Amino acid sequence: MSNATTATVFDDGELARIRAGFPILTRTVRDGRPLVYLDSGATSQRHTRALDAERAFSEQVNAAVHRGAHQLSEEATDRYEQARATIAGFVGGATDEVVFTKNATESLNLVAYGFSNSVAGQDKDPRLSLGPGDEILITEMEHHANLVPWQELARRTGATLRWVGVTDEGRLDLDGVHGPALGELLTDRTKVFAFTHVSNVLGTVNPVRRLADAARSVGALSVLDACQSAPHLALDVADLGVDFAAFSGHKMYGPTGIGVLWGRQDLLAAMPPFITGGSMIETVRMEGTTYAAPPQRFEAGSPNAAQAIGLAAAIEWLQELGMDRVHAHEQALTERLLAGLAERPWVRVVGPVDGVDRGSAVAFVVDGVHAHDVGQVLDDQGVEARVGHHCAWPLHRRMRATATTRASLAAYTTPAEVDALLVALDRVPDVFGVAS
Amino acid sequence: MDLYQELILEHSKRPQHAGLREPFEAEVHHVNPTCGDEVTLRVHVEGEGADAVVRDISYDALGCSISTASASVLAEEVIGRTVAEAMVTHEAMRAMLTSKGEDPGDEDVIGDGVAFAGVAKYPARVKCALLGWMAFTDALHQAGIDTNSTTTAP
């Protein structure tokens, strides 16, 4: 075994207490094998506090929020808005800068459609105007959720989509080693620069402040995909300097069906709605409608109130745990995993091979064996990892991998689980008769 | 692991009839969007309708052992057969793969295809095993063969 004996921040006792909040972790899979869940990057398990909060709301308080004047409706609205305040505090923003959505994908689409609806509307804001000759900048390491909406926005508006490349090591090619440098791509034609904080495949942590400052210096807005950072490290939108940030509840120990868009107040105020209907209006006449102020403008229809409250409960749990400690714990485990993989020359890590500026998603390929087959052998031993392109197909092409196997860690991951993955992996060369 | 029968591993390491060849009447490209598996497949048929004979299936498969082996078995079982016979084999493969393990497969009908019986217990992998077959039937359609009128043929 490796000598990666880096102490984990959570000791055995604390890890046991953390795991007690996730009953699913005690179940077995595939004929009685203990579950080793290493797919938290796709969806994390849900903390009982999130589930309890959802249930308590539904059993005791449930009523339509922001509608009606009866007591239940008042209480429900109050809880919903408390959840918003909790989330605002978590990201360092103001409460009215937090918009509840269905998931991060919807959050990112909300911004993309904000641009094109602004172009189509009457009150064009110059910051949100976009057309032929203008450019949208993204990166080659984006999840499809932060890629396809921008392709579509370019198609709808006639703007040009450009992207920052990725180096062989799995970092953004900001200095232009393989293609244009950031300085060539980010120009006064660029209206928006959308990029991920932490790659869901490579684990790479991008220099958000540098990218956001560069965008601002040319007058472009910055949009951050924070899905893979919000659950794993302390997030402060003011420090990061971005204009928008999106993340999902189900990747941070909360429910599905709830996501967040944080946006700078003045920008949200200038942005037309994405989805329209009830509760996002100011006045409605048959001839036309005026819209409510943000965040209500962006929350048409009955919101997923119980899920928002569940997410806030998960976030309170994370805050009590301490994001710095969560990050340190996952960092130590990531280094343990990388050290173990480095001892296996038949494994190629796709992404940074050390722990510097790196999150806890670790993707790899086994020489001569397709990721699907690797995942099957792991699954047969109870180790649940993700296989495929992880909704980042262009990135896989760039890294010359058809598909990868990805382990992604969480606050509840134990050193023993990392070791279980490595041991399970050792069966792969045997099963497929490739050299180990 | 009963999923990875020796026969599957052999076919995936040495896929039969692999490579793209001339002549062909249709070429299709199918992908499994969840994992990125891809197959480009060509068919060469002679004759009309159900009695048409599949003279060649050539393919370039990029994917897991299950999808590669499945394309290999497809080519081995179907080349030289009539479209009607090929459709019977396809239907028997599909029935076995979607049976959740109830249908062990009939070797007389699907030949080496029985090695894929274990796949039926892993719903996420059924698509892998059917990728080549779906591409094959699509290619037949594109070549102007009406397979619907042949599925109930002998």
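A note on names: the letters A, B, ... follow the listed sequences, proteins ahead of strands, and every chain is numbered from 1. The shown structure was predicted, so the numbers you read here are calculated from the model rather than taken from an experiment.
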- Find out whether A/Asp380 and B/Tyr4 are in side-chain contact, i.e. whether some heavy atom of one side chain is under 4.5 Å from a heavy atom of the other. no
- Query: If you count heavy-atom pairs under 4.5 Å with chain A, which of B/Ala124, B/Cys64, B/Ser67 comes out on top?
  - Reply: B/Cys64
- Note on the structure: A/Phe432 and B/Ser65 have their tightest heavy-atom pair at CE2-OG, 4.0 Å
- Item | More than 12 heavy atoms of other groups within 6.0 Å of B/Glu48 CD | no
- Task: Please list, chain by chain and in numerical order, all residues satisfying ring-ring contact (aromatic ring centres under 6.0 Å, His included) with A/His372, sequence neighbours excluded.
- Result: A/His370
- Query: Taking C-beta and beyond as the side chain, do B/Ile66 and A/Asp373 meet within less than 4.5 Å on heavy atoms?
  - Reply: yes
- Message: Can you confirm whether A/Asp31 is buried at CG, in the sense that more than 12 heavy atoms of other residues, nucleotides or ligands lie under 6.0 Å from that atom?
- Response: no
- Under a 4.5 Å heavy-atom cut-off, does chain B meet the side chain of A/Arg30, its backbone, both or neither? side chain
- Task: State which residues pass side chain to side chain contact (heavy atoms under 4.5 Å, CB included) with B/Ala69; sequence neighbours excluded, sorted by chain then number.
- Result: B/Ile8, B/His11, B/Ser12, B/Phe116
